[in-house]
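Only one structure is covered here, and it is reproduced in the block below.
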Amino acid sequence: MRVHINDPLDKQATEKLASLPNIQLTSQHYEKEELIKLMPEIEILVVRSATKVTADIIEAGTKLKIIGRAGTGLDNIDVKVAEAKGIKVINTPGANSISVAELTIGLMIACSRHIARGTIDLKNGKWTKKELEGHELYKRTVGIIGFGNIGREVAKRLLAFDMNVLAYDPIVKETDMNVKLVDLDTLISNSDYITIHVPLTPETKNLINKDTISKMKDGVIIINAARGGIVDESALYEALLSGKIYAAGLDVFEVEPPTDELRQKLLSLPNVVATPHVGASTFEAQERVGMLLVERLIKEIAG
Ligand SMILES: NC(=O)C1=CN([C@@H]2O[C@H](COP(=O)(O)OP(=O)(O)OC[C@H]3O[C@@H](n4cnc5c(N)ncnc54)[C@H](O)[C@@H]3O)[C@@H](O)[C@H]2O)C=CC1
Ligand SMILES: O=C(O)C(=O)COP(=O)(O)O
């Protein structure tokens with residue numbers, strides 16, 4: 001069976017996959033045109049978020065049986081086209097939640113306490129202490145949009161900071177945590193911090209836009225470690241510039257890498273703290289994700 005890994009997969013997981021009987025394994029990143037050429041040979045394709053598994057890539061996979069996503073989000077895979085062709089799509093939800101939750105807390109504190117700007121200023125020989133007064137998280141209100149695996153891990157940690165935690169999720173009707181489940185409007189208008197943990201779908205595209213931002217508290221802090229495209233980054237830029245939004249912590253962008261003009265303008269703002277989609281990039285999460293994916297692939301192969 002021909003297996004191709006197109007994005008970095010944990011070493012131990014790769015070795016386990018390679019050790020299976022009758023597996024011919026390749027591991028290398030190909031850009032779209034090269035990958036399309038290779039697809040007719042591949043039975044199992046393994047990706048993370050960097051490879052966009054579009055309809056034409058799937059169509060080229062005449063022997064393709066399984067697409068393995070070493071991670072959670074499936075927005076980079078045309079799942080409808082795959083399933084219509086009888087190709088299984090397998091992911092590893094939950095296996096990277098703690099890493100994303102921890103990064104989210106990091107971004108919240110970095111935005112509140114100017115950690116990135118302080119670092120840059122010091123490295124440039126500037127002592128900007130007077131400009132860098134920030135905010136406590138203590139007793140302030142955080143709104144979590146999407147109360148699934150990651151949203152709940154975030155809540156658990158923020159409760160330890162004594163924050164008032166609100167959450168909105170259309171499928172969650174009760175919780176045993178000290179979290180108030182509210183509707184989206186209530187969350188938007190009452191939160192000092194808003195953190196997003198929903199998948200990117202047609203329904204969540206531009207969920208945070210000019211209109212929703214106008215209903216937020218002045219000086220709100222926004223964190224997006226879910227997906228670019230859930231926040232309208234043009235509206236976000238304007239609101240960060242005007243001061244309506246105090247700061248934003250971004251791990252994801254509608255365009256990745258964010259090299260286009262809008263993203264570069266956004267990143268140039270002093271009140272933006274950003275990381276290059278590293279929410280799941282810890283040794284622990286990658287090992288968990290990789291091993292879980294391999295376990296699931298083995299089950300599928302065994303039928
Ligand atoms: N930055 C990174 O590296 C990572 C980002 N992610 C992103 O985080 C997302 C969430 O991951 P999990 O918590 O594991 O998924 P999950 O499926 O456990 O939770 C997502 C929740 O969002 C809710 N939801 C869906 N539409 C909604 C809406 N319109 N409004 C409010 N809630 C809505 C769902 O009901 C569900 O409870 C992933 O889909 C992925 O895009 C996930 C892992 C790593
Ligand atoms: O699991 C997810 O949804 C992620 O966004 C992680 O992406 P990555 O596997 O690190 O490219």
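In each ligand, atom 1 is the first atom listed, and ligand 1 is the first ligand listed. All residue numbers refer to positions in the sequence shown, counting from 1.
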Sort out the contact shell of ligand 2: every protein residue with a heavy-atom distance below 4.0 Å, listed by chain and number. R48, S49, R69, A70, G71, T72, G73, N96, R227, H277, A280
Take a 6.0 Å sphere around CD of Q264 and say whether it holds more than 12 heavy atoms from other residues, nucleotides or ligands. yes
Is there a donor in the side chain of S112 and an acceptor in the side chain of Y193, or the other way round, less than 3.5 Å apart? yes
Throw together a table of side-chain donor-acceptor distances under 3.5 angstrom for residues 215-224, partners on residues two or more places apart or in other chains.
unit_1	atom_1	unit_2	atom_2	d
K215	NZ	D211	OD2	3.4
K217	NZ	D192	OD1	3.0
D218	OD1	K244	NZ	2.8
N224	OD1	A226	N	2.9
N224	OD1	R227	N	3.4
N224	ND2	R227	O	3.0

Using a 3.5 Å distance criterion without hydrogens, assess whether the side chain of S191 forms a donor-acceptor pair with backbone atoms of I194. no
Using the side chain to side chain donor-acceptor pair (under 3.5 Å) criterion, which residues pair with T51? Sequence neighbours excluded. N6, D7
Identify which one of T204, D169, I144 satisfies the side-chain contact (heavy atoms from CB on, under 4.5 Å) criterion when paired with V198. T204
Count the heavy atoms of every other residue, nucleotide or ligand shown that sit under 6.0 Å from CD of E59, and state whether that count exceeds 12. yes
Report yes if some heavy atom in the side chain of H197 is under 4.5 Å from a heavy atom in the side chain of F147; otherwise report no. no
Tabulated below should be the N or O atoms of ligand 1 paired with protein N or O atoms at under 3.5 Å; can you produce that?
unit_1	atom_1	unit_2	atom_2	d
ligand 1	1 (N)	A225	O	3.0
ligand 1	1 (N)	D251	OD2	2.9
ligand 1	3 (O)	H277	NE2	3.4
ligand 1	3 (O)	G279	N	3.4
ligand 1	3 (O)	A280	N	3.3
ligand 1	13 (O)	N149	N	3.4
ligand 1	13 (O)	I150	N	2.9
ligand 1	18 (O)	N149	N	2.8
ligand 1	18 (O)	N149	ND2	3.1
ligand 1	35 (O)	D169	OD1	2.8
ligand 1	35 (O)	D169	OD2	3.4
ligand 1	37 (O)	D169	OD2	2.6
ligand 1	41 (O)	R227	NH1	3.3

Beyond-backbone contact of Y237 with L262, side-chain heavy atoms, under 4.5 angstrom: yes
